[in-house]
Every structure is written in C-alpha cells, then in structure tokens.
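Remarks on the structure that follows.
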Amino acid sequence: MEFADLIKTPKLDGVLLHDPSNAGASGATVGTLCITGHHLLLSARQETSQELWLLHQNIDCVEKKPSLSQNVVVGGLITLKCKDLRIISLEIKCGKEFFNVAASLEALSAIQNTELLYPFFYRPMYSILEDGYTMFRPELEFAKLISGVGMGGGSSPNVANITICMPSTSTSTLTVGAGIPHPLQNGFAIDALAGGGVGGVGGGALQGPQASCEWRITNVNRDFSVCATYGATLIVPKAITDEQIVLSAAFRDGGRFPVLSYRHENGATLMRSSQPQSIQGIKRCRADEAILNLVLGRSRKGFIVDTWGKGKSNTETDLHYSQWKKVNRSIGNVSSPASILDSFARLIEACNDLGCSTDKWLSRLESSGWLSLVLNSLNASCVVAQCLDQEGSPVLVHGAKGLDSTLIVTSLVQIILNPDCRTVRGLQALIEREWIQAGHPFASRHRFSCYTPNQTRNKTSGATFVLFLDCIYQLYTQFPCSFEFSTQLLILLFEHSHFSQYGTFLCDSERERNELNVHTRTTSLWSYLNRPDVLQTLLNPLYEPNANVIWPSVAPISLELWSDLYLRWVIDQRSSATVMSQIQELVTREKELRTQALKLRKQALELGQEVSTLMKSGNDT
Amino acid sequence: MDFTRFMNKFNEIERQLSPTSALRLSFDNISPETEEPPDGNKRLWGVPVPPFVSEKVVSWIEEEFHEAPLFYNGNSVLKKVENVRMIDRYNTKNPTVGTLYLTATHLIFVEPDSNKETWILHMHVASIEKLPLSTTGSPLLIRCKTFLSVTFVIPKDSECHDVYTSLLKLFQPVSINKLYCFNYQPNKDDFPKNAGWDYFKLEAEFKHMLVPNEAWTLCSMNEKYELCDTYPRQIYVPKEATTLMLISSSRFRSKGRLPALTYLHNNKASICRCSQPLSGFSARCLEDEQMLEAIRKTNSNTDYMYVVDTRPRINAMANRAAGKGYENEAFYENIKFHFLGIENIHVQRASLQKVLEACEQKSPTMSAFINALESSGWLKHIRSILDTSSFIANAVDKGVSVVVHCSDGWDRTAQVCSLAQLMLNPYYRTIKGFQALIEKDWLAFGHKFSERCGHIQTDAREVSPIFTQFLDCTWQLMSQRSEAFEFNERFLLILHDHVHSCQFGTFVGNCEKDRLDLKLAERTFSLWGFMANHLNEYINPLYKPNVDEAIKANLAPQCIKFWRGMYSRFESGIHPREPLGDLLLDSKEHCNSLEDHVQHLTKRIASFKNYISKSAKKLQDATSAPSKVSKELSSNEINDNKYNYDKKLSELSAADDDHPLKASNMSFASLSLSAEQSSPPQALPEEINSVAVDWKPMRNVTTCSCSTPFDQFSKKTHCWRCGDIFCERCIDKNVALPGHDSGKPVPVCRGCFRQMQKQSP
C-alpha cells in the first residue's frame, strides 16, 4: 500500500483553522493545508503565525459536518479530536475537497500496519549518545533488582559480585552498572547467590535478606512459546526448573506464570502473574505452588492481592495455597481496561464542558468515576507496599490477565518504596520493566482514545497507562520534592504512549517488537529523553533525593484533578508554568548565593590575613 | 496543686504570644536565662515563684484568680481532668490519653508522653456537644470556628458535665466588653499597644486613588454619624451632590446607607456602594435618582452605568413587599440594572454546615465526598461571588461605573466590592493593600462581625461565613494567579483565625462608630500591629510585583477548587507531605540571609583592598610597587560591579515593601555601616561564623531540639546563625548578626543568642 493512495488531497489553500486553545480574538486562522504520509500541516505562510503539525496517529476521531447549500455540499467543518486531548476544526469551503480531506485523514489515522507508522520512517537529526533500547537490558535491571543495588538514589558504593546462573551454560559473570547517572561507569559484579541486600529494615522477627529465596534468570521464553506476552528474559526462583515453569504457565491465564517484579530492601519480594485458568478439570498445579512456596522462604505468610475484584477473577484455592492470605483490592467496580477508558472519556467530556454549572461539573466528575479509580489504585498499591515494607511478607499481585491493573499496582508500589523509581532514569527503567517488557499491549490499548465513541472503540482499548500516570501525579503533588522529574515528563509520556516518532511504545509485546525488529529499525524514546538539553527541561527544581518510603494520603479530599493535563487545551495553564519557572529561579538563586558566599568568605579571610600582617608591620614601623 | 495551677496559668500567658489557638507546644520548656533576674521574696499562694516570672505576671494571675470563681460557681478555680482521651477523625483507633485543663481563656489538652499540647481558645469554640455516654466515658464534641473538631472522652460523667457547663458560659460572652481582647496582654517586648491602630487612615486610602478631585469630594455631613451610623465619618460623594440629595437619598435607603464612593479606578470609572432603596412597589425618591445620576456624571467615558443588585431576582422581589426592593430602570435614567444571584446569609450558613459534614464523613469513598461537596453548594456560591465580582471588575476596567448593593449593603456588597478591587488594582494584592482593603470595605463601611462571627451571644440566624467566603474567593484568585499576590495562604488563615479570636480589637464591633465608642484603640491591641511583627511569615515567595494591572478570574467550574487548607486544616495526614509553600518561603529567607551576608563580605573585601592599596601606595612611595597588589586591584573592580548589581537587586525588593514597620530597620542599617569601618580584620572569623551558609533541610525533621514534635501545623524556623531548625517557641529571639550588612534583627535560637551575648559583653 502506498500512502499516495490514501492521500486524496495533498494540498489545499484557504482552509480555516479553529483552535479554541490558541484562539486570538477571531479564533480562526486561514492557511494552506498539507497532508503527508504521517502529518497534517497547516501553515498560514506568515512568519509570525505558528504552523500546525499534527501526527496522524494523534487523531482519535474525525467528525464531519457538511454545510449544505440547496442540498449540495459546499464544504464543511472537519473536527479533529486528538489523543493529546486537543480539539481543532478545519473549515473547508469546497464540497469535494471537504470529503477528500476527511476521507484521507480517516484512512491515515486508522492505519493498522505497524510498519507504516511514523517511527519506522523517522530518523533523528542528532547523534544518539545512549541507545534507549539497550539501556535497560532485562539482565541488568534484574541484577539490580535482586541485589538491592541502586536503592538510595543509585549512589550506593557497595561493591558485590554477581554470578548469574544462565540456564544452559555454566555460570558466567556479567558486568553491570549500578548508578543511575552513569550506568556503565562504575561497573561491578553482583553475586545473586549471596543474596546480598541492604536488608532487615522491616522488623527483627521478620525474614532477613538471607531468608529470602534465591533467583535465577531463565530464557525458557526465548521464543515466546511459554508466554506470548512476557519478554524473553525472566527471573524466577533458582530452585525452579524450566519444566516447572512450563507447567505453571499452562495453569495461568495467557501463560503469565509468577515472576519477580521487585525486591524490597528488607528482602521481601513482589511477584506478579495472571489469574489461574478456569479450565475444567484443572484444579491445581504443583509447579505453580512450588514457585510460591519457594518465594515464601522462611516467612510464615504471604499475600495474594487481587486487583480485579472478588468473584470476578479466578483465585488460587485456599487449600493448596494455605500460607497465602488473599486480599481483594479492586481498582474499580469493573476493572477492565475498556471500562477504565470509558471512565476517562467521561472525565474528559466533563472537563471540556466549561459552560456547565458547578453542580453539573461536580456530578459529572463524580459519575465519571475517574478519581475513584485513582484513589483505589493508590489504595491497593499502599496495601501491597505495606505488606512488603512493614510485614516483610512476599506479595503476589494479579488481576485477571495481569496486563493492566496488576501492572499499575506493581509499578506504583515500587515508586512508593524505591527512591530509585522517582528519578528520571528510574522511571524509565520502571516503565520499560513493568509495562513494556511486561507486555502491556500499548498498541491495542491506545489505538482508540477517549474521543472515539464508545461503540466504535474495541474491547482491547484502554486507559490503564493514563491511570498509572495520574497516580504518579497524585504522589507528586503530595511529595513535590521527592521526584527528580517534573510533571512535564508525565505529560510527555502520556503523549508518546499514544503517538510518537519513537518506537518505544509500539506493538503489544516483546514478541511483536522482535518480529518487526523495532529495536533496530526505530529510535527509542529514552534515547531522545536522556539527551542533556531535553532532560534539563524535565527536571524538578525542588528535587532532593529522599531515601524514605513515601506513604501518600489516600483520603478522597487529598486527590487533585490533574488540570495541567486534562484542562490544558481549554483553560490557560500558563500560570502553573510561571510558578514552575519562579521556583526554578528561586532555587538557582539560592545555590548561586551559597557558592558566592563561600567564595567571598575565603577571599575575605585571605585579605583579612594580609591586612592584619600589614597592620602589624605598620605598627612595627 | 497550686504550683501546677500556677504553671498552667503561666504557660497560658506565654501561650498568648503565639498567633493561633490550636498549636501544639512544649509545656515545660521555659528557659531561665532569658527572663528577669530572681526575686527571692515573691510567693504565690505560699509557693515560691520561680525566678523567671515577672511581677506583672504574678499580679495578673492573682487578679485573674480572684475573678475566676465567678465563672466556676465558687468552687474550683481551674478545672483539671485527668485520663481524658482525645479523638480526632483519623485517629479513632488509638486515642491519646492526657490531661485536660480549663482556664479562663483556653481549653488545653496535654499529652504527657509525646510532649504535645492542643490549645483551644474559648473564643474559637463554635459549638459544644455532649454525645451519648460510651463505655470509656462521656464524650464532649467541640467544634471550632477554625474548623478544628475534637472529641474529648472524659471518664466521669459529672466532670464532663462540669466542663461542658463551664465552657458554655465561657465560649461566647454576653457582653462585648467581656471579649478576649480586653484581657489580652502580649509579651512586653513584642509590640506596643498603639502599634497598628494608626496604620490605615481612610483619607490616605482615598488619596491613594486621587480622591478628592474635580469630580469627588469629602462629605462632612457624617462627622457625627448623622447620615448613617454604620458608615465611616468620611464619606466621598460626587461634587455635584447637594445636601438635600444626600439627606434624602440616605432616608430613601435601607439603614441610611446612601451611595458612597469606595473605589475610583484610574480611568474615572468608580465603584459606589449602598443598600437597597425603600422603593416598595412604586415609591420613588427624586433626590436618590439625582444622586445616582450625579455618580454617573463623574465618569465621562460612558453615558450609562451599571446598578448591580447582588441578590437573586426573587429575593429582591420579595423585599418589595416589605417596602424595600430595587431601582426601577424607568425612573433612574441611564442605568443598566443587573441581578447577579448571590444567595443570602442563611443559605451560605447552611452550605458551610454541609461542607463540614462532607469533610467529616467517616471513611468516605471518592463518590461520597464529591457528592457531599456538590450538595453543599459551597463551590457554587463561591463561584457566584467571584462571578459578580468579575462582572463589576470588568465593567470598571472597561470604563463603566458601577453602583453595588444587596439588602443592607454590608454582606454581599462588601464581598463583591472588595473582590472587584482585588482584581482591578495590584495594590490590594500586597499585604498592606489587602489590610487596607479590609479596613475600608469591611471595617469602615460596616460588616456585622459580632453577629456574623458569633463573637457574642446572638441569634444563631445572624451567624454566617461571609468573611470566610471573602477569604476563600481570595484564595481562589491566588491559586489561579499565585505570582500576582504578595501574601500567602498562611496570611489568609491567620486573618481568619483572628477575625474569630477577638484577641485583637481590630474586628470587634460592627462599624467605625462601635469601635470608637468601645475605645478599642486605647483598650486593645491591633491585629495589624501583631502582623507587622510577623510579616516574613506571610510573604509569597513567588510574588512578582510587576504582573498585569488587572487580573481576571477564570470562572469555569473546573477552576473553582475546594480549599482543603482551610476547611480541613486540622486534619493531620490529608495534606501534602512536603508543604511547598513553607519550603519555598524558607528558601526565600535563606536567600535573604545569604544576600545580606554576601553584601557584608563584599564590603569587607573592598575595605581590606582599600587598606592594602593604601599601604601599598605608602610602600610605593618608599620603594617600587609590588606587582601583586596592582593585580588584585584590577580584580577588585570586577567584584565591585557585581556588588553594585546585587545591591540594586536587593534595593528593588526593599523598595516595594513600604510597610510602616520597615522604617525602624533603616536606622540599624546606617548604624552598622559606620560601625563596620572601624571593625578590625580579627573580627572577621566571628562575623563569618555568625551566618549559616547551609541550612538544615526541612524534610525529615520531626522534632525540635526541645523534643516538641513537629506536625504540619507547626511552623519550623531556621536559626539564621547556626542553620538548625526550631519550633516557634524555641526561636523567639531576633538579633542583628555581625555577618550581615543590613544589621536587620533576624531569628536566632536560644543557644546562639546566649553565645552571642557572651561574645559581645
């Protein structure tokens, strides 16, 4: 298929753009419309006015309103509702062109073939300093995870040896990076067998790091045959054989057997999986039980946290998992990704209606259910974090398929517990580990967004990742000094996860990405983000590393609507940008003054000395 | 027993130095070295008085205790109940056990284990409720006007009853003369009694707007409150208005509140305020019509003006039946009449009640909370006040004059007039300007503070959160445009506290006449005097003085937020864990300290260099000049440029702060300048040591060195000398540091204070 076939009108003059967010007094600009394979361009061809560049992938929904004159279409209004929540309209004064443009945009924004998407055509204009695709290699990330290195902002100086047991070969030593700032500089090896951890904070009676189970990396899923949605490299208890894994995978929905997600500094581990399958006849799976029992180690109890809701998902039987206590913490009444998107759509619809009454707004905000979802997600994450941090018990989290609500909880837990995840690199690593490699189907979930009418959206679309970002935002508002990044990074992630020139969020799973060679044919978002000049704009001026666990308030009154994102096209958010720059100014000034004061002190003392000597000699003579 | 009682009393006096009522403070931390020298003979009820207690305090306690039996049925003077459990909302499982003290002015709960105290000023109590008996005792629910709500469970029912009945008598005096302000004595070196009473003069405020001028004049007819006793003596009216017009218009208006100027914009458009006309269904007053026409004519921009009735149309209609009502467009020429629909005081009171219920829900879900908030209608009312204010501000900004009234013109009218001015004029968005605005539109033009805030026993139907709403609307504007305001949230909260506390005479009485009759300026302290001593706490660190003249409120419902910091202020645990405002303010102060220090060092370096170059010249006369010195001289010049630049910056920031209290610092600055010239280089290390370059990070500091635990209500203050963090009580000294150029007294901790005194005998 050629793009040219889809583009019926590549260029059109005299198009009127209505952009309420960028409205001057008139609210409309006239310009020339160009449609290319991946972009929509609108230029007024004046140096003063800004050009509009819109990625077709950004278009969520195209609405046509033809204007009739004597029953003949003489043009009309094309309203483009975008995934970045913006709504703009193009007014076209020719009936034929009106249909052509609309049809082109509809076709181009609905391209299904991943290989035709922009990331496969985009070539960065800058040289890549660090390749984002190799920055967070699972082996390295997992090594960090089990050794507990990187806790405390990555500045930990401990040096340990790691010998990672590769499944087939004998033990080979890997050199891995630990520090967040320069991952490959202070290379050192970590001994996973020694189970070295920081250890033992969670109370004396509880298990120490030694008591926790030993881990190994398995390549059993190297051809994605055991689990289609997992990555190739996974981490499992050392004593579990690959055969047992295959058995456990058969027992679990979609083959998502329990894998290690996070290991807390006190040795308590967080696992995730999918629900047990509900196939007739399969009552239990000894291999699955063995995995969990090994994880349990010497601690007497563990928790299985169900994020889907009691009775809606399958759970492990009490009989066969007797030491595991089941906890229900559902994210919503219906926790399916589609219902999360429904809720998000209702929220955005309410946000866009500025003319309604206060009562109406509040009742729509309430009935959207979005803030409830946020609250419940935080709540569930706090419960899990508490089990890990305070009880020191292992926790297994699963919803139904383990692709959505499960991931929200396991990743939020890590942000709450692990200071590393509150840095820019840490968040990238977390998203890479817990979302991208863990098989969150970004392509399916974000194919349609909140503006596509409910009935047109398919069941696989969702807004789980948006919900996750909102939860981080809530944590950020409560701990505005504990995050290295500003909320700008979260907004950027929101956008790039929906439409991007980078390949990071392409496809549904590692398997698909491998098939399309995404890693070699596209650029990683992280490669772009970590360029110093880009990074600079995403940092939080108030950041001071905070090694503590951050326990958020989960009272309804503590939640805040993320107006910087949801209202940004309809309500001027410049004020909050001003505030940010004012803060930046203040913090910089404080630092500068401090340096200046120290420098002047030194100088003054030296000169004072000199004056004293001169005075003395003056007195002498 | 007596000694405990005495200590208790003493602490109470100490306590009164602090601004808010419900702070938790250390009980037994009185450091001897800072008080008066011992006097061996003093005894109180046979107990030796500790050496650090002054004569004045002893006599005051004796006086108080003589009177006290009157309140307590002649029995015990001070009620003390042990083993009381305090339950707050989020702490229902582990109530804290402690001792409850009832004094003449406060209810104090002391937790012996955690060194924490809760102080409740009787004036702040809004309601006391005895709840049904439980297994652990009798619960007493106390709700405060500051939105603190606590339950004390008292083991014995009889004791609970005693506390209950005593509180009932104490919390709301019958007579205005029994208010707290008539007893309140601040620390002697805090501020003088007259401080603050003369900060604001109505004439000066109008002069600020260039009134009187060719269109507006001072009317002398209210000198003795003949025209209207709830108005100020000085009222400004159009020059064209005749005596007859003024008298007739005042008679034609409810409570005599004739149209008078409150704000004149720089484009001749004005805001005038009044009460509703006594028009009934058909009555008219020619002079009142002429009066409005005269007001319109003061502004030549347009041939019409707005008359804004802030009430909903239906309310105004209903008033017509009572012989009141609104202006008839047919009779009043050239006016455009608007109803704007702010509900009356009763609706607002009920709405606040529902807000508090929403906040007090036990383990609410998100939906329950939003639903409760919606059904309270509070945000809707806030929005309609802002909406009306914006309407007025927009009209004035476009050059159209506005006359505003509601019913009596002292509730809604006060709200919208002051808010419109806040939007229009950057002056009112400064600390001083905001105080002036309150002085003018709330205090001078009359607002029934005594009734609305329930200062004294009154009809419960007269209580209404009108002023609270004004502060809420201000907060809404602040959260939309934070860089446009000089003050911060704490400033608004302190104002709210003291509007209700009656600790100061400022908000006592309902109008200017009341305040003169009560001789408040002589008998009580002014809140403005108190605030002037704490200005640094109220600064918005993000304030940018030069932002746009007029600011516009965004009135979309999505932009009107619930003010958690006010209505849920005392609920620990729901607020951001890292309070941005406090942290930034702290950074700002740190910058100030460093700037001052840098300036001092620069001066010192300059004078050293001067000395060196002089002696070098001397040497040069004798021998040839060493090249080293001349090199240093050139670098000196570069440094001087930097210094000049810094100085300009700091002068800039000082220039826009012209609060009266600032004046006293000027003399200090000049003093230190002259002193510095002679200070020897040997003093330098000490100067350097007197300023902390690094301040201890605020996060993770949980207790003060006096072991008082910090929670989110407590103000943490850095000692500018050692950089450590202290609670409000441990950092009560302000001294000039030798390492600062300005010689401005700054907060230092007691340890540093002692050291400095040792160093400078």
Side-chain angles (χ1 to χ4, degrees), chain A residues 351 354-363 365-366 369 371-372 375 477-482 542 544 546 548 550-553 555-559 561 563 567 570-572 575 578-579 582-583 586-587 589-590 593-594 596-598 600-601 603-605 607-612 614-615 618, chain B residues 90 359 364-371 373-374 377 379-380 383 480-483 541-542 544 554 556-560 562 564 568 573-578 580 583-584 587-588 590-591 594-595 597-598 601-602 604-605 608-609 611-612 615 680-682 684-685 688 691 693-694 697 699-700:
Chain A
C351 282
L354 296 183
C356 70
S357 73
T358 309
D359 287 356
K360 184 96 182 149
W361 153 246
L362 286 173
S363 95
L365 178 67
E366 186 274 315
L371 287 176
S372 298
L375 190 72
T477 59
Q478 297 192 27
F479 296 90
C481 307
S482 295
L542 287 164
E544 260 181 67
N546 177 5
N548 294 347
I550 54 167
W551 295 113
S553 159
I557 205 169
S558 299
L559 293 200
L561 183 76
S563 43
L567 297 173
V570 286
I571 289 168
D572 191 352
S575 183
T578 322
V579 167
Q582 294 269 94
I583 291 175
L586 184 63
V587 171
R589 174 128 189 84
E590 194 179 357
L593 278 169
R594 191 186 161 274
Q596 198 190 354
L598 288 175
L600 288 176
R601 273 183 175 187
Q603 198 187 352
L605 282 171
L607 284 171
Q609 208 73 46
E610 205 171 320
V611 169
S612 301
L614 278 174
M615 275 176 152
Chain B
Y90 281 94
C359 294
T365 61
M366 196 72 224
S367 300
F369 175 70
I370 301 177
N371 280 334
L373 192 61
E374 184 207 328
L379 295 182
K380 178 175 73 188
R383 189 177 167 208
Q480 290 186 14
R481 294 294 302 271
S482 72
E483 75 281 8
L542 304 177
K544 251 178 156 173
N554 199 325
Q558 288 86 345
C559 296
I560 310 294
F562 178 72
R564 189 171 59 199
S568 296
I574 61 153
H575 300 280
R577 305 296 210 267
E578 293 167 341
L580 211 52
L583 292 171
L584 291 174
S587 285
K588 177 97 181 166
H590 191 199
C591 282
L594 287 172
E595 250 164 41
H597 187 47
V598 161
L601 289 172
T602 320
R604 285 291 262 162
I605 289 170
F608 285 154
K609 283 189 175 162
Y611 185 89
I612 293 171
S615 35
Q682 288 80 11
L684 190 65
I688 284 177
V691 178
V693 166
D694 290 302
R699 192 167 54 197
N700 304 338

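The shown structure was predicted, so the numbers you read here are calculated from the model rather than taken from an experiment. We name chains A, B, ... by the order of the sequence lines, and we start the count at 1 in each one.
By number of non-hydrogen pairs under 4.5 angstrom with chain B, the leading residue of A:N546, A:L559, A:L561 is A:N546. Considering only heavy-atom pairs separated by less than 4.5 Å from chain B, the leading option among A:S612, A:S357, A:G369, A:C481 is A:C481. Of the listed residues (A:G355, A:A597, A:S372, A:P480), the one with the most heavy-atom contacts under 4.5 Å to chain B is A:P480. When A:P552, A:C356, A:S563 are compared by the number of non-hydrogen pairs under 4.5 Å with chain B, A:C356 comes out ahead. Ranked by heavy-atom pairs under 4.5 Å with chain A, the list B:K588, B:R564, B:H590 is led by B:R564. In terms of heavy-atom pairs under 4.5 Å with chain B, the best-connected choice from A:S575, A:G608, A:S553 is A:S553.
The residue from A:L365, A:L362, A:T358 that alone fulfils the side-chain contact (heavy atoms from CB on, under 4.5 Å) condition with B:E374 is A:L362.
Contact of A:I550 with chain B is not made at all, since no heavy-atom distance falls under 4.5 Å. With a 4.5 Å cut-off on non-hydrogen atoms, A:L586 touches chain B through its backbone and its side chain both. No part of B:I560 comes within reach of chain A, as not one of its non-hydrogen atoms sits under 4.5 angstrom from that chain. Neither the backbone nor the side chain of A:Q609 has a heavy atom closer than 4.5 Å to any heavy atom of chain B. Only the side chain of B:R383 comes within contact range of chain A, judged by heavy atoms closer than 4.5 Å. Both the backbone and the side chain of B:S482 come within less than 4.5 Å of a heavy atom of chain A. Residue contact with chain B, scored on non-hydrogen atoms closer than 4.5 Å, involves the backbone of A:T477 exclusively.
Here the closest heavy-atom approach between residue B:L542 and residue A:I583 is recorded as CD2-CG1, 3.8 Å. Here the shortest heavy-atom pairing between B:Y611 and A:M615 reads OH-CG, 3.1 Å.
A salt bridge links B:E595 to A:R589: at least one charged side-chain nitrogen sits closer than 4.0 Å to a carboxylate oxygen.
Remark: side-chain polar atoms of B:Q558 are paired, donor with acceptor, to backbone N or O of A:C351 under 3.5 angstrom. Using modelled atom types, one side-chain atom of A:S558 and one backbone atom of B:I574 make a donor-acceptor pair closer than 3.5 Å.
Judged purely by distance below 3.5 Å, without hydrogens or angles, the side chains of B:H597 and A:R601 pair a donor atom with an acceptor atom.
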Q | Working for side chain to side chain donor-acceptor pair (under 3.5 Å), residues B:E483 and A:T578 | A | CA-CA 8 Å; B:E483 75 281 8; A:T578 322; 4.5 Å; no

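Atoms CD1 and CD, on B:I612 and A:E610 in that order, are 4.0 Å from each other to the nearest 0.5 Å. Note: B:N554 CG to A:D572 CG = 8.0 Å, rounded to the nearest 0.5 Å. Atom CD1 in A:I557 sits 4.5 Å away from atom CZ in B:F562 (nearest 0.5 Å). If you take CZ on B:F369 and CG on A:L371, they are separated by 10.5 Å, rounding to the nearest 0.5 Å. Note that CG of A:L614 and OG of B:S615 are 4.0 Å apart. Values are rounded to the nearest 0.5 Å. Rounding to the nearest 0.5 angstrom, the gap separating the CG atom in A:L542 from the OG atom in B:S587 is 7.0 Å.
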